[in-house]
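In what follows, a single structure is set out as structure tokens and then discussed.
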Amino acid sequence: MKPSVRLFLALPLTLLALGVAGCDDHTPTELERVHQLNIIPATAILEEPGDQIQLGASVVDQVGGAILNMPVEWSSSDPSIATVSESGLVTAVASGTAVIHAEVPGTRAENTSAIVVR
């Protein structure tokens, strides 16, 4: 085999080996590590309009460890029943039931919180 052919074949193999080796150094980002998002508590009853409850979010990685300081986006299925602030504070508006959802980028909560306003 001519030397130029050996170099031609060796170069792609060397680049491939360097590319694979580089993958070992990859540190997962927070988004890649998110496995589950839970809302706490799962249900709550508010007695009258104006009552409030603070919800919490538990973000868990692939091995069950807590991920701290993960930003959470909150939303209400029916803001005419219950609203939710950016921090997860729910405020009763009128009688009925609203479902509160929490989300981190790339993940939807597996658990929701049902808020009943009497």
Side-chain angles (χ1 to χ4, degrees):
M1 189 180 296
K2 293 182 180 179
S4 61
V5 172
R6 279 188 231 139
L7 178 60
F8 180 76
L9 291 175
L11 184 58
L13 292 175
T14 302
L15 292 174
L16 179 63
L18 288 173
V20 170
C23 290
D24 292 339
D25 296 334
H26 177 71
T27 302
T29 64
E30 292 295 313
L31 295 180
E32 291 172 319
R33 296 184 333 162
V34 173
H35 176 67
Q36 189 174 21
L37 171 63
N38 299 306
I39 300 172
I40 305 159
T43 60
I45 298 173
L46 300 176
E47 294 298 325
E48 59 187 48
D51 285 355
Q52 296 182 317
I53 186 169
Q54 179 65 54
L55 299 181
S58 168
V59 184
V60 180
D61 67 15
Q62 306 291 346
V63 294
I67 300 175
L68 304 176
N69 301 319
M70 176 66 71
V72 175
E73 294 177 12
W74 297 92
S75 63
S76 173
S77 67
D78 192 343
S80 68
I81 303 294
T83 61
V84 61
S85 72
E86 291 180 7
S87 65
L89 180 64
V90 176
T91 303
V93 176
S95 295
T97 301
V99 178
I100 305 300
H101 298 273
E103 187 175 354
V104 294
T107 305
R108 184 71 174 182
E110 289 188 17
N111 297 326
T112 57
S113 181
I115 304 297
V116 177
V117 181
R118 294 189 182 198

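Sequence positions, counted from 1, serve as the residue numbers for this chain. Worth knowing before you read on, the calculation uses all heavy atoms, side chains too, and leaves out hydrogens, waters and symmetry mates.
For the side chain to side chain donor-acceptor pair (under 3.5 Å) condition, the pairs that include at least one residue of residues 40-52, sequence neighbours left out, are Gln52-Thr91.
With hydrophobic clusters built from ILVMFWY side chains whose heavy atoms lie under 4.5 angstrom apart, Ile67 shares a cluster with Val72. Under the 4.5 Å side-chain heavy-atom criterion for Ile, Leu, Val, Met, Phe, Trp and Tyr, Met70 and Val60 are members of distinct hydrophobic clusters.
Taking Thr97 as the reference, Val116 meet the side chain to side chain contact (heavy atoms under 4.5 Å, CB included) condition, with sequence neighbours excluded. Not a single side-chain hydrogen bond (donor to acceptor under 3.5 Å, both in side chains) links Ser58 to another residue, sequence neighbours left out. Every residue meeting the side-chain hydrogen bond (donor to acceptor under 3.5 Å, both in side chains) condition with Asp78, not counting sequence neighbours, appears here in chain and number order: Ser80. Annotation: side chain to side chain contact (heavy atoms under 4.5 Å, CB included) contacts of Val93 (sequence neighbours excluded): Thr83. In terms of the side chain to side chain contact (heavy atoms under 4.5 Å, CB included) criterion, residue partners of Ser77 (sequence neighbours excluded) are, by chain and number, Ala98, Val99. The side-chain hydrogen bond (donor to acceptor under 3.5 Å, both in side chains) test applied to Gln54 returns no partner, not counting sequence neighbours.
Heavy atoms only, all atoms of each residue included: Ile81 and Ser95 are closest at CD1-O, 3.1 Å. Closest heavy-atom contact between Val90 and Ala82: CG1-CB, 4.0 Å. The two residues Leu37 and Ala57 come nearest to each other via the heavy atoms CD1-CB, 3.8 Å. Counting all heavy atoms, side chain and backbone alike, Ile39 lies closest to Thr112 at CD1-CA, 3.8 Å.
For the atom pair CG (Leu55) and OG (Ser113), the distance works out to 4.5 Å, reported to the nearest 0.5 Å.
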